[in-house]
Number of protein chains: 2
Amino acid sequence: MKKYSREEARKIINELLVEIFNRILAIEGQNLKDKGIKLSMSEVHVLEAIELTEEPTMSNIAKRLGITIGSLTTAINTLYQKGYVLRERDPEDRRKVVVGLLPKAEEVLKEHDSFHEEMIDSIFEEMELEKDELLIESLDKLSSYFKK
Amino acid sequence: MKKYSREEARKIINELLVEIFNRILAIEGQNLKDKGIKLSMSEVHVLEAIELTEEPTMSNIAKRLGITIGSLTTAINTLYQKGYVLRERDPEDRRKVVVGLLPKAEEVLKEHDSFHEEMIDSIFEEMELEKDELLIESLDKLSSYFKK
DNA sequence: AAAATATAATTTGAAGTTCAAACTATTTGA
DNA sequence: TCAAATAGTTTGAACTTCAAATTATATTTT
């Protein structure tokens, strides 16, 4: 009854990891270019992380992104120069720097979000995935597993 | 009956894209370090691509990796210096360069493979994924979709 | 309260990855 | 044959990231 051996499962997941992931990033990057947005995917990920982080200090954002605070500093420097974010010291604890999104960044994220939405819609349509409910459930578990 | 809205599905896939894949890459990179292997994940991906490419010329490998031939040249330069690959002109068509794996590379790939195997086993065990068959089928479709 | 320690962020210098464009060598086709 | 196409390499630049040194602020210890 089993159609996929463990070996095949490994191969498929490996493929997703090394090929598909990069391909999706490339597609998204191209989409930004097409829209005339002069940001790299890494920069968009930083913006996303800022949006999703409860208390968006340098440390918290870096932690979410899995990069060092030093790396984030340089990323924020350029995003600041380009007018996407603002930064200010936390008055409560002046060691902390709180980062905020400017309207220009919100626009990009909105754009990026709707691109994602479209991509996912077309995946589900073209894939003829009747069992999408189960796929999402599984992906969710996969996601949770790696967050442990 | 549907438990996940399209909005939630988008969120989960987005999470996989921007967080989980990077985390897996980091875990794999750490594993290489732990084993004393002085290669980056990109370099391992190049070795994998060489292994999987039918006729491993520079163009074919670069195409599989989705990078330019120029980028691959620099990657192969360092892998050559480190003693992982050999390169030689194709006698049939002396414009072509055929790349081959040296034993040192085969070892790394074996190591990397068994790490993957273990990782996937533990995913399936700890996730209690009774529906793993369907997950793989779905991931397979997802993979195929992006290869179009 | 002063000194020592811990925390938060920035700066600096270096390495790795990637690209585009210019260039070399070889093959193919008109 | 000679022009065009193909296969790779080289070069110079941009970007991402890190580790280590440094600065500033807060907390803890004595």
Side-chain angles (χ1 to χ4, degrees), chain A residues 18 21-23 25-26 29-30 32-33 37-50 53 55-82 84-100, chain B residues 18 21-23 25-26 29-30 32-33 37-50 53 55-82 84-100:
Chain A
V18 307
F21 173 54
N22 281 323
R23 193 157 322 190
L25 276 185
Q30 190 55 52
L32 291 177
K33 227 183 218 165
I37 296 169
K38 288 199 176 34
L39 287 179
S40 67
M41 280 310 295
S42 335
E43 290 175 313
V44 173
H45 286 158
V46 172
L47 297 181
E48 282 183 315
I50 295 168
T53 302
E55 196 205 358
T57 60
M58 295 300 286
S59 298
N60 289 342
I61 298 163
K63 194 176 174 191
R64 171 178 278 267
L65 287 167
I67 60 176
T68 61
I69 305 173
S71 301
L72 183 61
T73 296
T74 65
I76 294 292
N77 282 345
T78 66
L79 286 171
Y80 176 76
Q81 285 189 322
K82 291 180 183 173
Y84 287 91
V85 303
L86 53 84
R87 58 200 329 187
E88 54 187 26
R89 292 278 167 182
D90 179 349
E92 309 271 304
D93 183 343
R94 294 191 40 72
R95 289 171 304 180
K96 295 182 182 171
V97 167
V98 181
V99 183
Chain B
V18 306
F21 283 153
N22 280 323
R23 193 157 324 189
L25 277 185
Q30 189 55 51
L32 291 176
K33 229 184 217 165
I37 297 169
K38 287 197 177 35
L39 288 179
S40 67
M41 282 308 297
S42 333
E43 290 175 314
V44 173
H45 287 158
V46 173
L47 296 181
E48 282 183 315
I50 296 168
T53 302
E55 196 205 0
T57 60
M58 295 301 284
S59 297
N60 289 342
I61 298 164
K63 193 175 173 188
R64 171 177 278 268
L65 286 167
I67 60 177
T68 61
I69 306 174
S71 300
L72 183 61
T73 296
T74 67
I76 294 292
N77 282 346
T78 67
L79 286 171
Y80 177 76
Q81 285 189 320
K82 292 181 183 174
Y84 287 92
V85 302
L86 53 83
R87 58 201 328 185
E88 53 187 25
R89 292 279 167 185
D90 180 348
E92 308 271 302
D93 183 342
R94 295 192 37 71
R95 289 171 305 179
K96 293 184 184 172
V97 168
V98 181
V99 183

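Below, chains carry the letters A, B, ... as their sequence lines are ordered, and counting in each starts from 1. Reckoned from all heavy atoms, side chains included, excluding hydrogens, waters and symmetry mates. Just so it is clear, the model here is predicted, and its values are computed rather than measured.
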Could you tell me how far apart [X] ([atom1]) and [N] ([atom2]) are, to the nearest whole angstrom?
{"X": "A:K33", "N": "D:dC15", "atom1": "NZ", "atom2": "P", "answer": "12 Å"}
{"X": "B:L65", "N": "C:dG16", "atom1": "CG", "atom2": "C1'", "answer": "16 Å"}
{"X": "A:K38", "N": "D:dC15", "atom1": "NZ", "atom2": "P", "answer": "12 Å"}
{"X": "B:N77", "N": "C:dG16", "atom1": "CG", "atom2": "P", "answer": "13 Å"}
{"X": "A:I76", "N": "D:dC15", "atom1": "CD1", "atom2": "C1'", "answer": "15 Å"}
{"X": "A:Y80", "N": "C:dA9", "atom1": "OH", "atom2": "P", "answer": "17 Å"}
{"X": "A:K63", "N": "C:dT7", "atom1": "NZ", "atom2": "C1'", "answer": "14 Å"}
{"X": "B:Q81", "N": "D:dT9", "atom1": "CD", "atom2": "P", "answer": "13 Å"}

hbond_proxy B:R95 side chain to D:dT6 base (donor-acceptor, 3.5 Å cutoff): yes
Output yes when at least one side-chain N/O atom of [X] is less than 4.0 Å from OP1 or OP2 of [N], else no.
{"X": "B:T73", "N": "D:dT9", "value": "yes"}
{"X": "A:S42", "N": "D:dT16", "value": "yes"}
{"X": "B:T57", "N": "D:dG8", "value": "yes"}
{"X": "B:S59", "N": "D:dG8", "value": "yes"}
{"X": "B:S40", "N": "C:dT17", "value": "yes"}
{"X": "A:R87", "N": "C:dT10", "value": "yes"}

A:R87 side chain to A:V98 backbone, donor-acceptor under 3.5 Å: no
Heavy-atom side-chain proximity of A:H45 to A:L25 below 4.5 angstrom: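 A:H45 reaches A:L25 side chain to side chain.
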Sugar-phosphate only, base, or nothing, as touched by B:I67 at under 4.0 Å among non-hydrogen atoms: sugar-phosphate
Minimum-distance nucleotide (side-chain atoms of A:M58 versus C:dA9, C:dT27, D:dT16):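 The closest nucleotide is C:dA9.
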Residue mapping more 5' on DNA chain D - nearest nucleotide basis, B:S71 or A:D90: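 Between the two, 5'-proximity favours B:S71.
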Nearest-nucleotide comparison on DNA chain D, the residue closer to the 5′ end among B:G70 and A:I69: B:G70
Pairwise distance CD1(B:I76) to CD1(B:I69) - rounded to 0.5 angstrom: 12.0 Å
First encountered from the 5' end of DNA chain C, between A:K96 and A:T74: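 Looking at DNA chain C, the more 5' nearest nucleotide goes with A:K96.
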Least distance between heavy atoms, B:Y80 atom then B:L86 atom: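 The answer is CD1-CA, 4.3 Å.
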Exercise: identify the closest heavy-atom pair between B:A49 and B:T53: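 Heavy-atom minimum between the residues: O-OG1, 2.6 Å.
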